[in-house]
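Structure, as structure tokens:
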Number of protein chains: 2
Amino acid sequence: MPKEIPIEYRTVVVAVDVVVFSVFDGALHVLLIPVNRPPHYVAMRGLPGGIMEKKETSDEAVLRHLSGKIGLSSIYFEQLYTFTSLGRDKRNRVASIAHLGLVTATEAKRVEREGGVWVPVHEVDKLAFDHNEILDTAVVRLAGKLLYTNIVRHLLPKKFTLTELQKVYEIIRNETFDKRNFRKKILSMNIIHDTGEMQTGVANRPASLYSFTGTKVTEIPLISVI
Amino acid sequence: MPKEIPIEYRTVVVAVDVVVFSVFDGALHVLLIPVNRPPHYVAMRGLPGGIMEKKETSDEAVLRHLSGKIGLSSIYFEQLYTFTSLGRDKRNRVASIAHLGLVTATEAKRVEREGGVWVPVHEVDKLAFDHNEILDTAVVRLAGKLLYTNIVRHLLPKKFTLTELQKVYEIIRNETFDKRNFRKKILSMNIIHDTGEMQTGVANRPASLYSFTGTKVTEIPLISVI
DNA sequence: GTGTGATAGTGTAAAAGTTACAGTAACAAT
DNA sequence: ATTGTTACTGTAACTTTTACACTATCACAC
């Protein structure tokens with residue numbers, strides 16, 4: 001009886017990958033896992049992800065791989081782009097549906113186990129497969145979406161100060177903003193509201209705590225009509 | 001010898017679909033083809049597309065299916081979204097990488113053969129598979145991209161009048177614009193330039209002919225910095 | 001309890017951009 | 001020459017964006 005050829009050598013395999021971001025310690029971090037797939041990808045790092053099975057959607061595959069490998073359950077994610085270059089995985093023909101994921105700093109801390117590592121985005125070097133390209137795509141997308149959505153909500157705790165919010169914008173956008181103008185702009189968008197609570201135990205004037213309005217990621221009409 | 005189970009029944013199959021748009025006769029049209037896949041999809045219409053083979057990228061698959069089935073070669077397209085619902089194709093498990101394509105009105109006329117039909121987007125009824133959902137996604141994406149890219153270039157001939165350009169915007173955005181303000185805005189974007197040529201043979205004052213600057217689809221910084 | 005260090009919080013005037021709005025110009029056809 | 005049709009243009013009111021600096025409130029050290 002002839003040895004059977006595994007399916008993945010005969011046809012296109014579908015995988016999901018996730019670029020999980022978190023902002024802490026003054027930098028945008030990405031979650032990486034160890035990759036060991038001889039002969040091409042040995043002792044490298046890469047994005048978390050894996051095969052999408054026949055009985056699951058891409059979203060289900062993302063959740064399964066993140067909660068399994070990384071113990072990550074509380075996460076926001078959305079589809080980013082599907083990568084289909086022929087050489088992107090040197091062993092098989094794998095098309096990867098890449099995703100952009102966001103977790104809060106506290107969730108990020110909880111996840112540092114199972115070999116998952118948070119690396120500042122600007123210190124990432126050669127990753128397995130085409131994961132550098134996927135990462136670059138995700139960074140651009142995230143920086144863009146900050147400007148016309150309230151997606152930043154998934155990087156911050158329930159209650160946060162305006163300065164914390166501004167810091168996240170500055171880190172991801174890689175630019176600084178005037179404090180007064182930033183506050184005017186953000187407050188005019190009606191995406192956050194003052195909770196009435198204040199910071200406690202800080203060695204300076206305590207800041208007001210704000211919270212995001214609504215629960216979903218939505219677009220904010222910033223673009224002027226022609 | 002047991003009958004072999006086709007690969008597509010055992011694993012996820014990857015397909016590409018394309019929402020090809022063109023603007024003419026005062027309406028946004030989409031290109032549809034006949035679908036006949038008993039038992040579920042009989043005598044229906046759907047989007048052009050097909051399987052992505054192991055030896056080709058998604059872009060190559062798109063070009064192969066469009067030039068083959070439809071005789072369509074001169075087209076701009078970009079990836080839209082990847083659809084992976086379990087029930088989206090009732091026969092197999094098919095993940096579809098959907099694309100958004102644009103052709104000029106003259107190219108659209110050339111394509112009316114091989115069963116391909118241009119249907120005004122607002123007259124489209126039930127399509128095969130989940131193609132209505134894909135179409136809706138594409139319409140939203142196109143209308144959005146008009147505002148912050150020069151993607152509209154692929155819907156117009158090399159040389160065009162400002163009124164023609166405005167009409168395309170109005171049809172896709174489903175709103176009207178003041179002629180003077182539209183011109184000021186478009187000209188301030190530096191995406192088009194006056195060719196110096198004029199319309200000829202029209203029974204009214206001839207309009208100046210404009211042309212797009214550059215050759216690629218690029219983003220136009222419309223969004224004010226925070 | 002006073003002083004210090006640190007961050008929070010606030011207003012305004014100039015500039016730029018957006019909006020609303022109507023009449024003259026240039027062509028073909030008659 | 002008249003008519004019908006579309007091209008083309010400017011400005012004032014309004015809104016948004018930008019640039020910019022000082023006071024307020026807390027913990028802590030003394």
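Heavy atoms only: backbone and side chains are in, while hydrogens, waters and symmetry mates are out. Order of the sequence lines sets the chain letters (A, B, ...), proteins ahead of strands, with each chain counted from 1.
Here B:Phe77 pairs with B:His99 under the ring pair (Phe, Tyr, Trp, His ring centres under 6.0 Å) rule; sequence neighbours left out. When the side chain to side chain donor-acceptor pair (under 3.5 Å) test is applied to B:Glu78, the partners found at least two apart in sequence or on another chain are B:Tyr76, B:Lys145. Every side-chain contact (heavy atoms from CB on, under 4.5 Å) that B:Tyr81 has, sequence neighbours left out, goes to A:Gln79, B:Phe83. Checked against side chain to side chain donor-acceptor pair (under 3.5 Å), A:Glu170 has the following partners two or more places apart in sequence or in another chain: A:Gln166.
Under the 6.0 Å cut-off for aromatic ring centres, A:His193 and A:Tyr210 do not qualify, their centroids lying 6.0 Å or more apart.
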Residue pair B:Thr82, A:Thr82: steps toward the side-chain hydrogen bond (donor to acceptor under 3.5 Å, both in side chains) verdict: CA-CA 7 Å; B:Thr82 299; A:Thr82 299; 2.5 Å; yes
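Across all strands shown, A:Ser208 has heavy atoms under 4.0 Å from sugar-phosphate atoms exclusively, and none from any base.
Remark: P of C:dA8 and NZ of A:Lys167 are 7 Å apart, rounded to the nearest angstrom. To the nearest angstrom, P of D:dC26 lies 14 Å from CG of A:Leu209. Look at NZ on B:Lys185: it is 16 Å from P on C:dA16, rounded to the nearest Å. Rounded to an integer number of Å, the gap from CG of A:Leu165 to P of C:dT7 is 18 Å. Atom CZ in B:Phe177 sits about 17 Å away from atom C1' in C:dC21, given to the nearest Å. In this structure, A:Phe160 atom CZ and C:dT7 atom P are separated by 20 Å, rounded to whole Å. Computed from coordinates, the A:Gln199 CD to D:dC26 P distance equals 12 Å when rounded to whole Å. Between the CE atom of A:Met189 and the P atom of D:dT16 there is a distance of 13 Å, rounded to whole Å.
Using a 4.0 Å cut-off between a side-chain N of Lys or Arg and a carboxylate O of Asp or Glu, B:Asp17 and B:Arg88 qualify as a salt bridge. A salt bridge links A:Glu107 and A:Arg110; the closest N-O separation between the charged side-chain nitrogens and carboxylate oxygens is under 4.0 Å.
Applying the 4.0 Å criterion to OP1 and OP2 of C:dA8, one finds that A:Thr163 has a side-chain N or O inside that range.
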For nucleotides 1-6 of chain C, tabulate all protein N/O to nucleotide N/O atom pairs closer than 3.5 Å, reporting atom names and distance.
{"residue": "C:dG5", "atom": "N2", "partner": "A:Ala203", "partner atom": "O", "Å": "2.7"}

Atom pairs, N/O to N/O, protein against nucleotides 9-14 of chain D, distance under 3.5 Å?
{"residue": "D:dT11", "atom": "O4", "partner": "B:Lys184", "partner atom": "NZ", "Å": "2.9"}

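Among the candidates B:Val152, B:Val139, B:Leu155, the single residue satisfying the side-chain contact (heavy atoms from CB on, under 4.5 Å) test with B:Ile172 is B:Leu155.
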